[in-house]
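The structure appears below as structure tokens.
Note that the structure is predicted; figures quoted are calculated from it, not measured.
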Amino acid sequence: MKKISAAISACLLICLTMCLTGCSNEFAKREYNDAEKIVQIEDHYAKENSVFNTIEGGYSLTVAKFDGRQTLWNKTIEENAYEQVRFDLSISSGYAKIVYIDCDNNITVLAECSQDNSKKQSGTETISFTSGLNRFKIVGYGCKDIDLKLFFDEP
């Protein structure tokens, strides 16, 4: 009898663990379009197998799994400047976007990929870097196999 109740308890514990694991990206899903959360200085994310590198003329990020929001670059600029920013973003599933946040916490979406739409986006945008703190962030939920390249001359 003790063995049966121990086995049932173990099964219930495993089921509960699996249910909670499946809900782990709910915070990221809720915050994906929440400007107030995105502009926060603090990052909030969960990720697996992430590599972020400085490459010639920019940055490279690859991540196996990602949920949340993470700052990729931030810098306090002395004078306003315009720069061309080139980006390549791809995912195999989930929802991800790259955003620019100026010193007034205005958000500009540079690229957005989803499992429902385009899983790959490339392009060039002219960014008006403002005097003060400027940031690039990745925001996403349910993301798998993110590959991002971001190129620009830092002001």
Is any side-chain heavy atom of [X] closer than 4.5 Å to a side-chain heavy atom of [Y]?
X      : Y      : answer
Asn49  : Val63  : no
Phe152 : Arg86  : no
Ile127 : Leu110 : yes
Lys29  : Tyr32  : no

Applying side-chain contact (heavy atoms from CB on, under 4.5 Å), run through Thr130 and Ile77 and close with a yes or a no.
CA-CA 7 Å; Thr130 53; Ile77 307 294; over 6 Å; no
Between the CD atom in Gln70 and the NZ atom in Lys47, the distance rounded to the nearest 0.5 Å is 3.5 Å
Nearest-0.5 Å distance, CD of residue Gln40 to CG of residue Asp34
8.0 Å
Using a 3.5 Å distance criterion without hydrogens, assess whether the side chain of [X] forms a donor-acceptor pair with backbone atoms of [Y].
X      : Y      : answer
Lys137 : Lys97  : no
Ser90  : Lys119 : no
Asn80  : Ser131 : yes
Thr76  : Leu133 : no

With hydrophobic residues grouped by side-chain heavy-atom distances under 4.5 Å, do [X] and [Y] end up in a single group?
X      : Y     : answer
Val109 : Val85 : no
Tyr141 : Ile98 : no
Val139 : Phe87 : no

With Val39 as reference, evaluate Asn106, Asn105, Asp104 under the side chain to side chain contact (heavy atoms under 4.5 Å, CB included) test and give the passing residue.
Asn105
Establish, yes or no, whether a centroid distance under 6.0 Å links the rings of [X] and [Y].
X      : Y      : result
Phe136 : Tyr59  : no
Tyr100 : Phe129 : yes
Phe151 : Trp73  : no

So, Thr126 versus Gln84: side-chain donor-acceptor pair below 3.5 Å or not?
yes
Kindly give the heavy-atom pair with the smallest separation between [X] and [Y], and that separation in Å.
X      : Y      : result
Phe66  : Gly140 : CE2-N, 3.7 Å
Cys143 : Asp67  : N-OD1, 4.3 Å
Asp145 : Ser92  : OD2-OG, 2.8 Å

For side-chain contact (heavy atoms from CB on, under 4.5 Å), just list the numbers for Asn53 and Leu61, CA-CA rounded to whole Å, side-chain angles, deciding distance to a tenth of an Å, and then say yes or no.
CA-CA 7 Å; Asn53 286 315; Leu61 172 71; over 6 Å; no
A quick test of your reading: do over 12 heavy atoms of other residues, nucleotides or ligands sit less than 6.0 Å from NZ of Lys120?
no
Using the side-chain contact (heavy atoms from CB on, under 4.5 Å) rule, take Asp88 and Leu148 through it: C-alpha gap first, then chi angles, then the decisive distance, then the call.
CA-CA 6 Å; Asp88 296 307; Leu148 168 66; over 6 Å; no
The test is side-chain contact (heavy atoms from CB on, under 4.5 Å); show your working for Arg135 and Asp102 and say whether it passes.
CA-CA 7 Å; Arg135 299 174 282 160; Asp102 71 12; over 6 Å; no
